[in-house]
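Everything on this sheet refers to the single structure shown next.
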Amino acid sequence: MSFWTGTHWEPDAPAPSPTPARPGKRRHVLEAITEGALIALLTVGLIAGTTFAGRGGSSLHATISIGDGARLSAVSGEVTFSVTRSIPDNDPVMWVTTKCYDSSGTRVSWLDLPVIWGTWDSLEGYAGAYDVGGSWCEAYATLRPWQSRVLGDAYLRFDVAG
C-alpha cells in the first residue's frame, strides 16, 4: 500500500517476483542431448575441414607416356611407362593397366602393375616393364584396375611393331 511522505504519495516497494520455475526433467534431458549433438557436429566439421585443407582442395590428375616420353610410331618387346601425378598421395595406390589386342580386336594380354615412385612425395614415377604383343595396345593410369577406370586423361594407344 502507498503512504504519504508529507509532500507526495510514495508507492510501496514492488513485491518480489516469484522464483522462476525450474524446467522439467524431460526438457533438461532434451537440452543436454541437443547440446551434445551440437558439440559432436562441430567436432566432426572441424576434423573434416582440416582433412580437406591438408589436401589443398585439388584433385588428383595424372599423365602417362612411353619411357622417357619419346614419340614412337610402334613399339616392340618390353615397354616401361613414365607417370606423373599432381598430388604426392599414395593412398590409394596408382596403377598402370596395359591391354594388348590382335588385328581382329581380341584381347591377347592384360597386365596391371603399380606405379613406383622415387619417394612418397615424388610426382614422377614409372610402371613396367610390360611385354607387349598383338597388333595394338592401350595403357592407362588408374586407381581401380579391376574397374578399368582411366584416371583423368592418362591414356595411351599405340601400335605394336612386327
Side-chain angles (χ1 to χ4, degrees), residues 23-162:
K25 199 178 243 186
R26 183 178 300 164
R27 181 173 172 180
H28 177 72
V29 169
L30 287 175
E31 287 175 352
I33 290 172
T34 303
E35 183 178 321
L38 180 60
I39 290 171
L41 185 61
L42 289 172
T43 302
V44 169
L46 180 63
I47 291 170
T50 56
T51 299
F52 290 122
R55 293 188 178 260
S58 53
S59 60
L60 179 62
H61 301 286
T63 62
I64 186 172
S65 61
I66 295 177
D68 60 0
R71 305 277 297 167
L72 304 170
S73 59
V75 297
S76 63
E78 290 186 342
V79 177
T80 301
F81 297 97
S82 297
V83 181
T84 62
R85 61 184 174 177
S86 59
I87 299 172
D89 187 2
N90 293 324
D91 186 30
V93 173
M94 189 180 298
W95 299 79
V96 171
T97 296
T98 302
K99 299 177 184 177
C100 293
Y101 302 86
D102 64 16
S103 58
S104 67
T106 303
R107 187 175 63 229
V108 295
S109 67
W110 178 346
L111 183 60
D112 304 308
L113 291 176
V115 176
I116 307 300
W117 308 102
T119 61
W120 71 269
D121 61 346
S122 294
L123 297 178
E124 297 178 0
Y126 70 93
Y130 294 87
D131 190 20
V132 296
S135 179
W136 63 276
C137 298
E138 64 180 351
Y140 54 88
T142 183
L143 298 177
R144 298 176 189 89
W146 60 92
Q147 292 180 342
S148 297
R149 187 176 297 166
V150 178
L151 180 58
D153 57 354
Y155 176 85
L156 284 176
R157 184 179 191 276
F158 56 93
D159 293 326
V160 176

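None of the values given here were measured: they were computed from a predicted structure. The chain is numbered in sequence order, starting from 1.
In this structure T142 satisfies the side-chain hydrogen bond (donor to acceptor under 3.5 Å, both in side chains) test with no other residue, sequence neighbours excluded. Scanning for ring-ring contact (aromatic ring centres under 6.0 Å, His included) contacts around Y126 gives an empty result, with sequence neighbours left out. Considering only residues two or more places apart in sequence or on other chains, W110 meets the ring-ring contact (aromatic ring centres under 6.0 Å, His included) condition with none of them.
Tested against L156, the residues I66, T63, T98, V96 include a single side chain to side chain contact (heavy atoms under 4.5 Å, CB included) partner, I66. Among the candidates E138, R157, R107, the single residue satisfying the side-chain hydrogen bond (donor to acceptor under 3.5 Å, both in side chains) test with Y101 is E138.
Taking CZ of R149 as the reference point, atom CG of L143 lies at 9.5 Å (rounded to 0.5 Å). Summarising the geometry, atom NE2 belonging to H61 is positioned 8.5 Å from atom CG belonging to L151; distances are rounded to the nearest 0.5 Å. Note that SG of C137 is 12.0 Å distant from NZ of K99, once rounded to the nearest 0.5 Å. In this structure, OG1 in T119 is found 11.0 Å from CD in E124, a value given to the nearest 0.5 Å.
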Could you go step by step and tell me if R85 and V115 meet the side chain to side chain contact (heavy atoms under 4.5 Å, CB included) rule?
CA-CA 10 Å; R85 61 184 174 177; V115 176; over 6 Å; no

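For the pair S86/L123, no side-chain contact is recorded, criterion being any heavy-atom separation below 4.5 Å from C-beta on. No side-chain heavy atom of S148 sits less than 4.5 Å from a side-chain heavy atom of T97.
Residues A127 and P114 come closest through the heavy atom pair CB-O, 4.0 Å. When all heavy atoms are compared, the tightest approach of A62 to A141 is CB-CB, 4.3 Å. Residues D112 and Y130 approach most closely at C-OH, 4.4 Å, considering heavy atoms.
Within a 6.0 Å sphere centred on CG of D153, heavy atoms belonging to other residues, nucleotides or ligands number 12 at most.
Taking the six-membered ring where tryptophan is involved, the planes of F158 and F81 are tilted, since the angle between them lies from 30° to 60°.
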